[in-house]
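One structure below.
Because the structure is a prediction, the values reported are computed rather than measured. Residues take their numbers from the sequence shown, with the count starting at 1.
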Amino acid sequence: MENLLELRDVSKAYRVGGLLSRIFVNAIEDIQLELKAGEILSLVGESGCGKTTTGKVAVGLIKPTRGKVLYKGKDIWSMKKHEFKDYRKDVQMIHQDPYSSLNPVLTVYQILSSPLFRHSIVQNKEQAISKIEELLELVDLTPPEQYISKYPHQLSGGERQRVVIARTLTLNPKLIVADEPVSMIDVSLRASILNILLDLKEKFGVSYIYITHDLLTAKYFSKDYRLAIMYLGGIVEMGRTDKTIMDPIHPYTKALLSALPEPDPKVTRSKKTMQLRSLDVPSLLRVPEGCRFHPRCPFFKEGVCDKERPRLVEVEKDRFVACFLYES
């Protein structure tokens, strides 16, 4: 089955210190990802690990410094104008903050009708209202006539995020990059937002790249699909979500899971957390030589982990890890 989206050795460097500076920082480096139609891939990691940059590269908002982004086998940055336009329609993004991703001076009608008219999906206001009402019902904003003339400040955080999702659906996308879509939503509403996204997958066959720092929501959202763990701009482990969470193999993944809170206080008291060599996360301005996790890794091997960077290799079917403990 052909890959819908593929990132090949993708890196993105940013200039630090002004236009005349010669100092560059790699936000992501040598990212390898594949996504098939109808699949979900969760990207999990700490803040600043490069998750959002990876998502923006995938949707064509940022051009990579090195590497290729392939959509249906074609490099998006070598596409002709009409091909790139179709790609931008097919690949959409849900941004993290529903408070800043909606224009505060536009009504819900204006927000949702703009892409419909821009891409000639509707021809007049009556058609636009009908389509918008359909979209609002899809995201459980009912009755839609109560929302269509409201401004963002008149909506709650959960309602705003539903409008953002509705806007994403206006162009009938094949792939949605959801960047922390529930991180700023009340805990009581998070499951409902994720269920809306999963329902859309069943109805329209949408693929997702789900970006989060929360392993628990990633487990829920991509339980039948794949999970990739990121650390300091690179992927350190990737595989089926259930296997990765139940039996992690990279030391960083093990550390993340050992730090998760348990609802049962008895389990909390008996649970052993992984003792790291250091609690400090290295800066991207001074990335460690060799394995990026080695200053914190309890399995550190001097002369090995601090000399060479491990490659992401397949250790069993559909299970990948970047660690010298498993290279052989």
Reported [atom1]-to-[atom2] distance for the pair [X] and [Y], which is rounded to 0.5 angstrom:
X      : Y      : atom1 : atom2 : answer
Asn195 : Leu200 : CG    : CG    : 11.0 Å
Asp199 : Phe204 : CG    : CZ    : 10.0 Å
Tyr151 : Asn103 : OH    : CG    : 10.5 Å
Gln96  : Thr212 : CD    : OG1   : 9.0 Å
Lys89  : Ile121 : NZ    : CD1   : 5.5 Å
Thr107 : Leu102 : OG1   : CG    : 11.0 Å

Would you say that more than 12 heavy atoms from the other residues, nucleotides or ligands in this model lie under 6.0 Å from the [atom1] of [X], or not?
X      : atom1 : value
Arg277 : CZ    : yes
Glu289 : CD    : no
Lys254 : NZ    : yes

Following the transitive rule for hydrophobic clusters with a side-chain heavy-atom cut-off under 4.5 Å over Ile, Leu, Val, Met, Phe, Trp and Tyr, establish whether [X] and [Y] coincide in one cluster.
X      : Y      : value
Val10  : Phe84  : yes
Val164 : Leu171 : yes
Leu33  : Leu70  : no

Any ion pair linking [Y] and [X] (charged N to carboxylate O, less than 4.0 Å)?
X      : Y      : answer
Arg309 : Asp30  : no
Glu237 : Arg319 : yes
Glu316 : Lys243 : yes
Glu6   : Arg8   : yes
Glu39  : Arg226 : yes
Arg162 : Glu137 : no

Task: N/O donor-acceptor pair under 3.5 Å between Arg190 side chain and Val182 backbone - done: yes
Open item on the list: Tell me whether Ser192 contacts the main-chain N or O of Leu189 through its side chain, where contact means a donor paired with an acceptor under 3.5 Å.
Closed with: yes
Task: Test log, rule ring pair (Phe, Tyr, Trp, His ring centres under 6.0 Å), inputs Tyr225 and Tyr208 - done: CA-CA 10 Å; Tyr225 297 95; Tyr208 288 102; 9.7 Å; no
Can you give me the closest heavy-atom contact between [X] and [Y], atom names plus distance?
X      : Y      : result
Val44  : Ala218 : CG2-CB, 3.7 Å
Ile245 : Pro248 : O-CD, 3.7 Å
Thr54  : Gly50  : OG1-O, 2.8 Å
Tyr87  : Gly60  : OH-N, 3.0 Å

[X] charged N/C atom sitting above [Y] aromatic ring, 6.0 Å / 45°:
X      : Y      : result
Lys125 : Tyr109 : yes
Lys150 : Tyr147 : yes
Lys12  : Tyr14  : yes

TODO: Could you pull out all residues at least two apart from Ser207 that satisfy side chain to side chain donor-acceptor pair (under 3.5 Å)?
DONE: none
- [ ] Before giving the answer on side-chain contact (heavy atoms from CB on, under 4.5 Å), spell out for Leu5 and Val69 the whole-Å C-alpha distance, their side-chain angles and the decisive distance to 0.1 Å.
- [x] CA-CA 7 Å; Leu5 184 80; Val69 180; 4.1 Å; yes
TODO: Step by step, work out the side-chain contact (heavy atoms from CB on, under 4.5 Å) result for Leu198 and Ile40.
DONE: CA-CA 10 Å; Leu198 291 172; Ile40 297 174; 3.9 Å; yes
- [ ] Tell me, with the steps shown, if Val315 and Ile249 meet side-chain contact (heavy atoms from CB on, under 4.5 Å).
- [x] CA-CA 10 Å; Val315 293; Ile249 52 180; 3.8 Å; yes
Task: Heavy-atom side-chain contact between Ile176 and Met93 under 4.5 Å - done: no
Task: Verdict with supporting geometry, His213 and Glu46, side chain to side chain donor-acceptor pair (under 3.5 Å) - done: CA-CA 6 Å; His213 64 274; Glu46 297 169 288; over 6 Å; no
Open item on the list: Checking Pro104 now: which residues fulfil side-chain contact (heavy atoms from CB on, under 4.5 Å) with it, not counting sequence neighbours?
Closed with: none
- [ ] With sequence neighbours excluded, tell me which residues meet side-chain contact (heavy atoms from CB on, under 4.5 Å) with Glu302.
- [x] Phe300, Asp306
Open item on the list: Name the residue from Thr241, Thr217, Thr244 that meets the side chain to side chain donor-acceptor pair (under 3.5 Å) definition with Ser222.
Closed with: Thr241
TODO: Verify salt bridge (Lys or Arg N to Asp or Glu O under 4.0 Å) between Glu83 and Lys74, making sure each step is shown before the conclusion.
DONE: CA-CA 9 Å; Glu83 291 177 323; Lys74 291 186 177 180; 2.6 Å; yes
Open item on the list: The test is side-chain contact (heavy atoms from CB on, under 4.5 Å); show your working for Asp179 and Ile94 and say whether it passes.
Closed with: CA-CA 6 Å; Asp179 184 9; Ile94 298 173; over 6 Å; no
TODO: If the plane angle is over 60° it's perpendicular, under 30° parallel, otherwise tilted; pick one for Phe293 and Tyr231.
DONE: perpendicular
- [ ] Please work out which of the three classes, parallel, tilted or perpendicular, describes the rings of Tyr252 and His250, given edges at 30° and 60°.
- [x] perpendicular
